[in-house]
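First listed ligand is number 1; within each ligand, the first listed atom is number 1. Below, all heavy atoms of this structure are taken into account, side chains as well, without hydrogens, waters or symmetry copies.
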Amino acid sequence: MKVLKFGGTSVGSREAQLLAARIIARELPAGGLVVVSALSGTTDLILKAMAASARGDLAGSTRCREALEARHWEAARALDLEAEVRSAWAPLFQSLSNLLQGMGLLWEASPRSRDTALAVGETLSARLMAALLVREGLPAAFRDVREVLRTDGRHGRARPDLEAIREAAAPWRAALGPGALWVTQGFLGQGPDGATTTLGRGGSDTSATLLGEALGAAEVQIWTDVDGVLSADPSLVPGARPIPVMSLPEAAALSAFGAKVLHADALAPVRRAGFRLVVANTHRPSAGRTEIRLDSPPRRPGEITSVAYKEGVSCLRVPPTADAEQLFQASTRLLEAGASLYGLLATPDGGLLVARAETAEAEAVLTDLAASGLDVSRGWAVVALVGEGLRAAQGRALSLLGPLVEEPVAAILAGDTGVSLAFLVPDPRLAGLIPRLHATCIETPLGV
Ligand SMILES: Nc1ncnc2c1ncn2[C@@H]1O[C@H](COP(=O)(O)OP(=O)(O)O)[C@@H](O)[C@H]1O
Ligand SMILES: N[C@@H](CC(=O)OP(=O)(O)O)C(=O)O
């Protein structure tokens with residue numbers, strides 16, 4: 001059994017939808033599961049509509065909702081599927097309208113209502129893909145992922161409840177034998193109280209791997225708009241190279257340090273269940289692709305396969321005299337509020353905490369910590385060199401940081417798996433530094 005996931009850009013136009021349908025027909029001749037994200041731009045548009053409602057701007061909110069409806073009807077029209085989706089879509093648009101109206105009356109968009117509204121995007125998309133596959137002669141049906149993808153109920157950044165998912169997925173496991181082809185939503189889940197939850201931005205990759213795990217899939221394929229995982233973000237390094245084979249720790253480090261192509265939580269199910277994970281390009285299906293394996297492909301000592309980064313990071317420092325407990329308390333507060341932690345270091349010479357506020361609550365905790373006297377410095381970026389070749393050369397790999405001597409590096413961090421070497425530079429340096437690092441460490445490898 002295979003699970004195929006199509007991201008927003010892979011369902012965002014008529015051309016992409018038709019390419020996706022062709023890939024599904026070829027890859028799933030005996031059935032399987034298709035997971036889709038919302039049409040590109042939809043999640044941002046719903047967020048914008050909710051923000052308008054929450055400040056009482058009902059006219060602005062309505063404009064966003066109408067743009068969203070028009071975009072979707074246009075997509076259905078382009079595929080000649082308006083009649084097929086009408087009865088499934090009408091209640092979804094109605095529910096979005098009601099939710100936005102309610103938020104606008106209350107001047108408030110609670111995390112719980114936000115998730116319910118965001119779910120409309122993925123559900124519209126899954127209904128459209130199911131209709132397209134049926135029209136193409138495939139035995140496809142829509143199934144709501146909230147039947148199985150149970151979470152801890154944290155709105156906006158829900159964590160999977162693995163036991164509940166496994167139990168709820170039993171009927172799906174039984175039904176998804178030969179012949180059944182189901183289309184479902186990425187990004188969404190259901191909390192213990194039955195309310196809709198979301199897995200965090202970009203979370204559909206994680207939906208696909210969690211479902212792959214629960215359904216005992218042999219392979220999960222992530223279909224996106226690049227030729228697999230590349231050696232760097234192509235928006236900063238246009239000549240970034242596709243990586244044909246990666247080890248799981250390499251992929252995990254790359255996504256954890258910010259490469260958007262894979263959601264940071266998507267690799268844990270692969271580690272637990274051991275299925276094959278493939279990343280490929282919907283627009284160029286026969287171009288290169290990346291296969292992520294449990295074992296490592298051969299790498300030269302010191303070989304770097306990719307460079308990743310995440311901007312908007314903050315550094316919190318405590319002096320040598322401070323109690324390390326202050327640092328641990330700060331990290332707990334930040335984590336609970338939804339921050340990502342990139343480093344926590346307590347030494348006799350003082351301590352350092354590196355975190356990124358992913359939510360408004362975490363941002364408020366940072367402000368509060370600064371107000372309480374902690375040295376909070378914003379505007380940093382974490383940059384990571386990633387490669388199995390680093391395992392054999394962790395210490396000597398510091399020589400790879402040659403191009404950094406001109407940069408004000410704040411801290412160097414090495415992960416436990418030994419496949420990454422990360423450091424902090426000021427945000428504005430990223431655009432110049434990433435291409436230079438790529439040129440030095442990947443295009444003309446130094447070897448160490
Ligand atoms: N190392 C990398 N390899 C490939 N893509 C990357 C990398 N780093 C950043 N990206 C970006 O990730 C994008 C794909 O992720 P995303 O936009 O979430 O796709 P989708 O909508 O298919 O889920 C690519 O278009 C690329 O700009
Ligand atoms: N639609 C959601 C979930 C997602 O994963 O999207 P994509 O697969 O296009 O990154 C988002 O925009 O965050």
For this session: Inspect the contact between Arg356 and Glu358 and indicate whether a charged nitrogen and a carboxylate oxygen are less than 4.0 angstrom apart.
Result: yes

For this session: Report the residues that fulfil ring pair (Phe, Tyr, Trp, His ring centres under 6.0 Å) with Phe93, sequence neighbours left out, ordered by chain and then residue number.
Result: Trp73, Trp89

Exercise. Is there a heavy atom in Pro234 that sits closer than 4.0 Å to ligand 1?
Worked result: yes

For this session: Could you list which atoms of ligand 1 come closer than 4.0 Å to a heavy atom of Thr9?
Result: 21 (O), 22 (O)

Seminar exercise, completed: A student checking ligand 2 against Arg201 at a 4.0 Å heavy-atom cut-off should list atoms 11 (C), 12 (O), 13 (O)

Problem set entry | Contacting atoms of ligand 1, where contact means under 4.0 angstrom from a heavy atom of Val226 | 4 (C), 5 (N), 24 (C), 25 (O)

For this session: Report yes if some N/O of Lys260 lies less than 3.5 Å from some N/O of ligand 1; otherwise report no.
Result: yes

Problem set entry | Ligand-side contact atoms (ligand 2) for residue partner Gly8, heavy atom cut-off under 4.0 Å | 7 (P), 8 (O), 9 (O)

Exercise. Within less than 4.0 angstrom of ligand 2, does His263 place any heavy atom?
Worked result: no

Exercise. With a 4.5 Å heavy-atom cut-off, do Pro242 and Leu230 have their side chains touching?
Worked result: yes

Exercise. Any chance the side chains of Ser247 and Ser296 put a donor and an acceptor closer than 3.5 Å?
Worked result: no

Exercise. Which atoms from ligand 1 have a heavy atom of Lys5 less than 4.0 Å away?
Worked result: 23 (O)

Problem set entry | Arg201 side chain near Leu47 side chain, heavy-atom distance below 4.5 Å | yes

Problem set entry | Any Gly121 heavy atom less than 4.0 Å from ligand 2 | no

For this session: Check ligand 1 against Thr224 and write out every atom of the ligand that is under 4.0 Å from a heavy-atom position of the residue.
Result: 14 (C), 19 (O), 20 (P), 22 (O)

Seminar exercise, completed: ligand 1 to Ala232, heavy atom cutoff 4.0 Å, flagged ligand atoms 1 (N), 2 (C)

Exercise. Given Thr305 and Glu388, is the side-chain contact (heavy atoms from CB on, under 4.5 Å) satisfied, shown in steps?
Worked result: CA-CA 8 Å; Thr305 44; Glu388 284 285 348; over 6 Å; no

For this session: Identify, by atom number and element, the atoms of ligand 2 in contact range of Lys5, meaning under 4.0 Å from any of its heavy atoms.
Result: 8 (O)

Problem set entry | Region of Asp233 that comes within reach of ligand 1 [heavy atoms, distance under 4.0 Å] | both

Seminar exercise, completed: For Ser37, the atoms of ligand 2 under 4.0 Å from one of its heavy atoms are 4 (C), 5 (O), 6 (O), 7 (P), 8 (O), 9 (O)

For this session: Number the atoms of ligand 2 from 1 as they appear, then name those within less than 4.0 Å of a heavy atom of Glu122, with their elements.
Result: 1 (N), 2 (C), 3 (C)

Exercise. Measuring from the heavy atoms of Gly186, does anything fall under 4.0 Å of ligand 2?
Worked result: no

Problem set entry | Beyond-backbone contact of Ile24 with Leu133, side-chain heavy atoms, under 4.5 angstrom | yes

Problem set entry | Per-atom contacts, ligand 2 versus Gly202 - under 4.0 Å to a heavy atom | 3 (C), 4 (C), 5 (O), 10 (O), 11 (C), 13 (O)

Exercise. Have Asp115 and Thr197 got a donor and an acceptor in their side chains that come within less than 3.5 Å?
Worked result: no

Problem set entry | Polar atom proximity, Ser231 to ligand 1 (N or O, under 3.5 Å) | no

For this session: Please work out whether any backbone atom (N, CA, C, O) or any side-chain heavy atom from C-beta onward of Ser204 is under 4.0 Å from ligand 2, and answer side chain, backbone, both or neither.
Result: both

Problem set entry | Donor on one side chain, acceptor on other, Arg146 and Thr196, under 3.5 Å | yes

Exercise. Is the shortest heavy-atom distance from the side chain of Cys315 to the side chain of Leu424 under 4.5 Å?
Worked result: yes

Problem set entry | Proximity flag Lys260 to ligand 2, non-hydrogen atoms under 4.0 Å | no

For this session: Applying ring pair (Phe, Tyr, Trp, His ring centres under 6.0 Å), name anything that partners Trp182, two or more places apart in sequence or on another chain.
Result: Trp172

Exercise. What atoms of ligand 1 come closer than 4.0 angstrom to any heavy atom of Gly228?
Worked result: 4 (C)

Seminar exercise, completed: For atom 21 (O) of ligand 1, the closest protein heavy atom turns out to be Gly8 N, 3.2 Å

Exercise. Can you tell if the side chain of Trp380 reaches within under 4.5 Å of the side chain of Pro426, non-hydrogen atoms only?
Worked result: yes

For this session: Could you tell me the residue and atom name of the protein heavy atom closest to atom 12 (O) of ligand 1, and the distance to it rounded to 0.1 Å?
Result: Val261 N, 3.5 Å

Seminar exercise, completed: Shortest non-hydrogen pair, Ala422 vs Val382, comes out as CB-CG2, 4.1 Å

Exercise. Is Gln190 close to Thr151 at the side-chain level, that is, under 4.5 Å between some pair of heavy atoms?
Worked result: no

Seminar exercise, completed: Nearest non-hydrogen contact to atom 3 (N) of ligand 1 from the set Leu230, Val237, Ile222, Asp225 belongs to Leu230

